Amino acid sequence: MYRILERKDLNSDVVYMKVDAPAVAKKCEPGQFIILRVDETGERIPLTISDYNREEGWVSIIFQKVGKTTYLLDTLQQGDYILDFVGPLGIASHTDNMSRVCVVGGGLGCAIAYPQAKKLFGMGLHVDVIAGFRNKSLVFLQEEMKRNSTNYYLMTDDGTAGEKGMVTKKLKELIEGGANYDTVIAIGPVVMMKYVSLLTKEYNIKTIVSMNPIMIDGTGMCGGCRLTVDGQTKFACVDGPDFDGHKVDFDGLMQRLSMYKEQEKHKCNLFRGIE
Amino acid sequence: MAKINMTPEKTKMPEQDPDIRNRNFLEVATGYTPQMAQEEAQRCLNCKHKPCVSGCPVNVNIPSFIQAVAQGDIEKAYEIITKTNSLPAICGRVCPQETQCELPCVRGIKGEPVAIGRLERYVADYMLAKETFIADTPKPTVKKNKKVAVIGSGPAGLTAASDLCDMGYDVTIFEALHKAGGVLVYGIPEFRLPESIVEKEIERLKAKGVCIELNMVIGKIISIQELHEEEGFEAIFVGTGAGLPNFMNIPGENLNGVFSANEFLTRVNLMKAYDPSYDTPIYFGSHVAVVGGGNVAMDAARAAKRLGAEQVYIVYRRSEQEMPARAEEVHHAKEEGIEFRLLTNPTKILGENGWVTGMECVRMQLSEPGPDGRRRPVVIPGSEYVLKTTSVIMAIGTSPNPLIKSTTEGLETNKWGCIVADEETGQTSIPYIFAGGDAVTGAATVILAMGAGKKAAAAIDKYLDK
Ligand SMILES: Cc1cc2nc3c(=O)[nH]c(=O)nc-3n(C[C@H](O)[C@H](O)[C@H](O)COP(=O)(O)OP(=O)(O)OC[C@H]3O[C@@H](n4cnc5c(N)ncnc54)[C@H](O)[C@@H]3O)c2cc1C
Ligand SMILES: Cc1cc2nc3c(=O)[nH]c(=O)nc-3n(C[C@H](O)[C@H](O)[C@H](O)COP(=O)(O)OP(=O)(O)OC[C@H]3O[C@@H](n4cnc5c(N)ncnc54)[C@H](O)[C@@H]3O)c2cc1C
Ligand code: FES
């Protein structure tokens, strides 16, 4: 049982939780994730470790309410317990051969990108962050991102905060303006990662994307998380979650993510009391 | 001298009707009554040379436990079995008896061998049903004040932990999943091995004093070296199994509707997707093709049928004779309406809009026996055809997970990724690390994994006594 030390709502859909998990905190690195199960009848779902403190023994997660399990998790308050919490899983993000980096986060992806930006900036690199949201009310981690980047650019689809437009527009502008990035890290909806990768391919800038297929065990045992990278099958939970954006088959991933859409929608609606 | 029952056939074990059981997850065979057990026990001739014992990988003293059953002394029978086999309720259900203890049985020459597996199960179930089963667990009588870690809670790990605990060691099992039992809980389905049985055995281990830490992926949260150097575990047993699923590497394998048997069975067993009160979903559509001919394939096919698939195929490239599955499982699968497409090999999975719609197959024939005596399947040219199906489950084998190797410097493995360990002691290239079960042999059987756990426990005791 893993105790929730703190929880706060970052916006109407996104929740932050600090969880007591000393052994995970001792070992984890940015880019790694945990898998949790809320209760006995629950699903196992993966969530990125967004921050950690080795001395105090906690790790934090940020999640978006999208389905049954995340809505269920949302019902837990400070002092409640999560039944299972396993990690750190996946390979920590690589930081070699980088000096000028652009971190692109789309929506919830900002939560997953944050620990990487923090680490790279902490290493003294030039780190620009482009954060994209649908509108002003959804913006989160703005202060944290600002503190951990050289430049922070906020984009919204409707222009209610920051600049109006998509993250790719800003990225193109910065590249054209001579930002001279050697690496782009893109984390967000699969479509966003696809279009960022298509763009950076034109400029031949190394691009790392974080893949989020459906997972169960997170240890390489089921193969449910497989995706195609450079024509080869990879298991995201053990070979990733970070992959070369120029080699990932994004369309295949999107297809696999839709596998349980209908069933999940049904369970979620039942849980939320929606017809 | 007890009376001998000369009936040539085994005493039948009551079973659920095939057309009823293929719609539920309750156990297929319901077990002997005391009278049936006695009748069957009386079929044993109590041969002096005990051919059955040499057929048992852990050398259970079979004739003497069967004599105890014949005399109605089930507690004594249990004591005899558990001298060498600590998980009889499990082995009685899943061991391939027909190729082990029952194969050399003298009664098998003219008729069927004694139903050793069914009797073993009877004895164990009798004891497990007692309310005091867990409370009665004998506690270790000595204390060594030395810590030993066991990685993985499958049959190899459970057996090693049990023996080491009896010897007086402080034993901690580290398990990656949220439930202990290994393949016994995530792979083998409820209708063949009820989870409550595995749970009771695990409760018994805990009652003895074994500590079980779940959600601990060794190599990620802590390495074997750190367990040894920082956490004070003087010896470590690795029983991490062979959990990495193989795929065929044919086109279409990443379509929606293609699973490894591990994924399918994990959703069904560990995550209980068959029970609507659990959240984990499962998909299979109307038609399911399971590729493979082992126990894993039979389990996946029979689980799919129970979940409501209209048509379930077993697609296997050799003939029935070569099928590695237990004979009883093949028999049960057929009774339940699973269709066998033998001498058939998939070449391509077909799809529309990203979802499986069929599987292209070729027919095979068996070649003349080669120098090794094995008949190889070869393709019959021009025999391609399409099997209509909405999902495909790959049950074509597993290999050991590379995680332990990649995080333990100096641990030797062979070209299949199996840990290299001494056959008698389980000791690896690193003296304080011992290993056994599927992690060493590749996918094998419960009883072999238990045997390896037992040998390693004895060897660890010797190693730490120095
Ligand atoms: C390595 C990894 C790290 C992740 N990190 C985070 C994180 O830090 N914060 C966060 O909010 N989410 C993260 N996710 C996604 C998260 O796991 C899913 O949102 C979650 O499983 C949804 O569960 P649910 O029961 O609430 O929704 P479901 O009912 O299962 O799904 C609702 C919708 O989400 C889609 N979906 C299902 N599973 C996933 C998935 N794994 N990824 C994306 N969409 C999915 C479904 O297709 C469906 O449309 C991560 C995923 C992976 C693989
Ligand atoms: C579907 C199916 C049906 C089968 N049917 C039969 C049958 O009828 N009869 C028979 O005799 N055999 C059968 N087998 C084979 C048998 O189950 C295995 O040979 C046996 O379970 C191997 O035991 P083990 O202890 O070596 O490993 P496993 O049972 O595989 O257990 C290994 C455990 O280690 C854990 N683990 C792995 N890596 C780590 C890590 N890094 N840190 C912590 N924990 C870790 C795993 O999660 C798992 O719980 C079947 C197998 C399957 C999959
Ligand atoms: S989640 Fe099971 S193999 Fe990756």
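Quick note: numbers below take in every heavy atom, side chains included, and nothing from hydrogens, waters or symmetry partners. Predicted model only: the values in this text are computed from it and were never measured. We name chains A, B, ... by the order of the sequence lines, and we start the count at 1 in each one.
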Trainee: Counting heavy-atom pairs under 4.5 Å to chain A, which of B:Leu177, B:Val217, B:Ile221 comes out on top?
Mentor: B:Ile221
Trainee: Taking side chain to side chain contact (heavy atoms under 4.5 Å, CB included) as the test, write out the residues that go with B:Val440, two or more places apart.
Mentor: B:Ile419, B:Ala421, B:Ala435
Trainee: Who among B:Gly354, B:Pro245, B:Pro276 has the most heavy-atom pairs with chain A under 4.5 Å?
Mentor: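 Highest number of pairs under 4.5 Å: B:Pro245.
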Trainee: Here's a test: name every donor-acceptor pair under 3.5 Å between chain A and chain B, with the distance for each.
Mentor:
{"residue": "A:Lys27", "atom": "NZ", "partner": "B:Glu226", "partner atom": "OE1", "Å": "2.6"}
{"residue": "A:Lys27", "atom": "NZ", "partner": "B:Glu226", "partner atom": "OE2", "Å": "3.2"}
{"residue": "A:Thr41", "atom": "O", "partner": "B:Asp279", "partner atom": "N", "Å": "2.9"}
{"residue": "A:Arg44", "atom": "NH1", "partner": "B:His178", "partner atom": "ND1", "Å": "2.8"}
{"residue": "A:Lys68", "atom": "NZ", "partner": "B:Asp279", "partner atom": "OD1", "Å": "2.7"}
{"residue": "A:Lys68", "atom": "NZ", "partner": "B:Asp279", "partner atom": "OD2", "Å": "3.3"}
{"residue": "A:Asp84", "atom": "OD1", "partner": "B:Asn215", "partner atom": "ND2", "Å": "2.9"}
{"residue": "A:Gly90", "atom": "O", "partner": "B:Lys220", "partner atom": "NZ", "Å": "2.9"}
{"residue": "A:Thr219", "atom": "O", "partner": "B:Asn401", "partner atom": "ND2", "Å": "2.7"}
{"residue": "A:Met221", "atom": "O", "partner": "B:Asn262", "partner atom": "ND2", "Å": "2.9"}
{"residue": "A:Cys222", "atom": "O", "partner": "B:Ser260", "partner atom": "OG", "Å": "2.5"}
{"residue": "A:Arg226", "atom": "NE", "partner": "B:Asn254", "partner atom": "OD1", "Å": "3.0"}
{"residue": "A:Arg226", "atom": "NH2", "partner": "B:Glu253", "partner atom": "O", "Å": "2.7"}
{"residue": "A:Arg226", "atom": "NH2", "partner": "B:Val258", "partner atom": "O", "Å": "3.0"}
{"residue": "A:Thr228", "atom": "OG1", "partner": "B:Asn254", "partner atom": "ND2", "Å": "3.0"}
{"residue": "A:Gln255", "atom": "O", "partner": "B:Asn256", "partner atom": "ND2", "Å": "2.8"}
{"residue": "A:Gln255", "atom": "NE2", "partner": "B:Asn353", "partner atom": "O", "Å": "3.3"}
{"residue": "A:Arg256", "atom": "NH1", "partner": "B:Asn254", "partner atom": "O", "Å": "3.1"}
{"residue": "A:Tyr260", "atom": "OH", "partner": "B:Arg267", "partner atom": "NE", "Å": "3.3"}
{"residue": "A:Gln263", "atom": "OE1", "partner": "B:Ile282", "partner atom": "N", "Å": "3.4"}
{"residue": "A:Gln263", "atom": "NE2", "partner": "B:Ile282", "partner atom": "O", "Å": "3.0"}
{"residue": "A:Lys267", "atom": "NZ", "partner": "B:Tyr278", "partner atom": "O", "Å": "3.2"}
{"residue": "A:Lys267", "atom": "NZ", "partner": "B:Asp279", "partner atom": "O", "Å": "3.4"}

Trainee: Could you pull out the closest heavy-atom pair between B:Leu244 and A:Gly220, with the gap in Å?
Mentor: CD1-O, 3.1 Å
Trainee: Please classify the contact of A:Phe235 with chain B as side chain, backbone, both or neither, using a heavy-atom distance under 4.5 Å.
Mentor: side chain
Trainee: If you tally heavy-atom pairs under 4.5 Å against chain A, which of B:Gly219, B:Ala261, B:Pro402, B:Gly243 wins?
Mentor: B:Gly243
Trainee: Check whether more than 12 heavy atoms from other residues, nucleotides or ligands sit under 6.0 Å from atom OH of A:Tyr195, and answer yes or no.
Mentor: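 Result for OH/A:Tyr195: open.
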Trainee: Heavy-atom distances under 4.5 Å only: say whether A:Leu36 touches chain B with side chain, backbone, both or neither.
Mentor: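 The answer is neither part of A:Leu36.
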Trainee: Counting heavy-atom pairs under 4.5 Å with chain B, which one of A:Gly224, A:Cys28, A:Gly218 comes out on top?
Mentor: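 Top option by heavy-atom pairs under 4.5 Å: A:Gly224.
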Trainee: Under 4.5 Å between any side-chain heavy atoms of B:Leu403 and A:Val238, yes or no?
Mentor: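 Result no, sub-4.5 Å side-chain heavy-atom pair not found.
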Trainee: Report which part of A:Leu227 has an atom under 4.5 Å of a heavy atom belonging to chain B: side chain, backbone, both, or neither.
Mentor: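 Just the backbone, heavy atoms under 4.5 Å.
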Trainee: Determine whether more than 12 heavy atoms belonging to other residues, nucleotides or ligands lie under 6.0 Å from atom NZ of A:Lys247.
Mentor: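 Not buried by this count: 12 neighbours or fewer within 6.0 Å.
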Trainee: Please look at B:Leu255 and chain A and tell me whether the side chain, the backbone, both or neither of the residue comes under 4.5 angstrom of a heavy atom of that chain.
Mentor: backbone
